[in-house]
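A short write-up of the structure that comes next.
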Amino acid sequence: MTDPNAHIQILDVTLRDGEQTNGVSFSWEQKLNITKFLLCDLKVNRVEIASARVSPGEFEAVKKIIQWAKSEGLHDKIEILGFVDFDKTVTWMRDTGVKVLNLLTKGSLNHLTNQLRKTPDEHFDDIRKTVLFAKEHDIKVNVYLEDWSNGYLHSRDYVIQYLNAISKLPVNRFFLADTLGVMSPDEVERAITDLTSLFPALWFEFHGHNDYDLAVANCLAAVKSGAKGLHVAVNGLGERAGNSPLEAVITALHDKTKYRTQVVEKEITNASRLVEVFSGKRISDNRPIVGEDVFTQTAGIHADGDKKGNLYANPILPERFGRSRVYALGKLAGKASITENLKQLGMVLSPEIEKKVLARVIELGDQNKTVTKEDLPYIIADVSGENLSVPFHITSCTVTSGIGVKPTANLRITYKETVYDSQGEGDGGYDAFMNALGKTLQILNITIPPLFNYEVRIPPGGNTNALVETVITWKREGDRQPIRTIGIDSDQQVAAIKATEKLLHIILG
């Protein structure tokens, strides 16, 4: 029989606390799409989508999300941060249709006396009035103990006094907030063990921040000590150093503790990419679990070890997250790196040619050139003296763009010795080129994968005529590994066009 205490509730705060990240503001459509994915695909238990009384736009966003949630029977999984203001927050929530209020209260004596300038009894009375007013309107209440970590460390008696008073009210859950990210795992464990022993009937959840880069460890300490829920944000979005990152917390929880969640691991990468695009906050390539490079082996000896029995694999296997292992090609590559990439391309070479390919890859790596799996057929053709015949060529392209000018592109393509001309307009020069290209590809009945990522690399300290490297990632639905193509030119748009042409060579080659 499964121990119900081993199941940890996950509240995702990406859309509320995560929106406090500098420069991040989600539209209502983005909030709705993220909410749908978090609840229906990723399977988090609850989602905190906004703060009450922020703006008319937020009001409308919440109404639309609630309308969708009601239609899906998920109404009770939508939560709102609100304030100790008697009737104002509750009235706002009643008008939007939200049924769960996460009430922001003071968890430290320092915040209470210096920010609110009230006594504990005055604050508790204000909370009581708001909670009871919410109950009258059929709204469930949880309470945040804001700055609880400092409150417990420096004014424990106040925290105990708070819990004694507020636990007598109709409050469902108590959120222990490390608002400033000041606690260590040992401190979290001691504090929550203390509170769960004093108040065994209360439902405690831990809300961590990552200022010391200890949020994941603190979450593990919290559940070990009796917390029944954790608050996380996709990609660790949040103010300052961010909130506890969903991707790492879930993985560590599943691998390093007896506790389990309902979160679907295979959807974690998709959730990360969705939030990355909508937030505009790029994650680092080496970010645990979801970074571009975390399942990439660069050293040839590691590729060799994997080939001989997964000697360099850890329990964080890429397949768990809908990804696959990648073997980088560069000056550190070895024979096994080449072999594994060729295997993914469905190619087998003679030992002599494979040795020459490896030598060329190392040579390019020494020149600080990026080599991808898709470059291997060209390198093979070069070192073997073969003529790699491709029937598709962009013979000319003129792109016009500028301030006050509608971007246009005029394109000439040669395909199987037939010439095709097309024109296109777009929101930018490359978009105009892609629209022109699309017209010809439609005639030729050629389909290319959707563009997944577009990155421009310019050498630091370079002149205005320096070579630009444009890296475009293309990904078809169902493909584990995307296609990356690279174009190099002193003109950024031409570099992107060359990268696109290379994609066509791969598809048609």
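Ion pairing of Glu276 with Arg282 is present here, as a side-chain N (NZ or NE/NH1/NH2) and a carboxylate O approach within less than 4.0 Å. The pair Arg46-Asp76 does not meet the salt-bridge criterion, since no charged nitrogen lies less than 4.0 angstrom from a carboxylate oxygen. Salt bridge Asp125/Lys129: present, at least one basic N to carboxylate O contact under 4.0 Å. Remark: Arg53 engages Asp85 in a salt bridge, criterion side-chain N to carboxylate O under 4.0 Å.
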- prompt: What do the steps show when you test Lys106 against Tyr158 for side-chain contact (heavy atoms from CB on, under 4.5 Å), and what is the final call?
  reply: CA-CA 10 Å; Lys106 293 304 181 183; Tyr158 167 75; 4.1 Å; yes
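The number of heavy atoms from other shown groups lying within 6.0 Å of NZ (Lys256) does not exceed 12. For Gln442, the CD atom is loosely surrounded, since the number of other residues' heavy atoms within 6.0 Å does not exceed 12.
The six-membered or imidazole ring of His231 lies away from that of Phe206, with a centre-to-centre distance of 6.0 Å or more. Between Tyr454 and Tyr430, a ring centre-to-centre spacing shorter than 6.0 Å is recorded. No close placement of the His7 and Tyr259 rings is indicated, their centers lying 6.0 Å or farther apart. Between Phe174 and Trp203, the distance separating the two ring centers is not shorter than 6.0 angstrom.
Results of the side chain to side chain donor-acceptor pair (under 3.5 Å) test with His207 over Asp17, Asp178, Thr179 single out Asp17 as the only residue that passes.
If you check the side chains of Thr91 and Asp87, you find no donor sitting under 3.5 Å from an acceptor. Side chain to side chain, Trp474 and Thr485 meet the donor-acceptor criterion of an N or O pair below 3.5 Å. At a cut-off of 3.5 Å, with distance as the only test, no side-chain donor of Asp121 or Thr119 sits close to an acceptor on the other residue. Donor-acceptor pairing under 3.5 Å is lacking for the side chains of Asn218 and Tyr212. A side-chain donor from one of Ser422 and Thr440 sits under 3.5 Å from a side-chain acceptor of the other. With hydrogens and angles left out, the side-chain atoms of Asn286 and Ser284 include a donor and acceptor closer than 3.5 Å.
Every pair tested for ring-ring contact (aromatic ring centres under 6.0 Å, His included) that includes a residue from residues 98-122 fails, sequence neighbours excluded, so the list is empty.
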Which pairs of donor and acceptor atoms, one on a side chain in residues 33-43, lie under 3.5 Å apart (sequence neighbours left out)?
residue: Asn33; atom: ND2; partner: Glu29; partner atom: O; Å: 3.0
residue: Thr35; atom: OG1; partner: Lys31; partner atom: O; Å: 2.7
residue: Lys43; atom: NZ; partner: Cys40; partner atom: O; Å: 3.2

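Considering only heavy atoms from C-beta on, His209 comes within 4.5 Å of Arg240 through its side chain. Residues Asn110 and Ser155 have side chains not in contact (no heavy-atom distance under 4.5 Å, counting atoms from C-beta outward). A 4.5 Å side-chain heavy-atom check between Pro185 and Leu220 finds every atom pair outside the cut-off. Within the 4.5 Å cutoff, the side chain of Lys475 has no heavy atoms near those of the Pro449 side chain.
In this structure, Phe199 and Phe204 have perpendicular ring planes: the angle between them is above 60°, well past the 30° mark.
A distance-only check finds no donor-acceptor pair linking the side chain of Arg323 to the backbone of Arg320 [under 3.5 Å]. Asn102 contributes no side-chain N or O that, together with a main-chain N or O of Glu79, makes up a donor-acceptor pair within less than 3.5 Å.
Ser279 is linked by a side chain to side chain contact (heavy atoms under 4.5 Å, CB included) to Val24, Phe26, Leu237, Val275, Lys281, counting only residues two or more places apart in sequence or in another chain.
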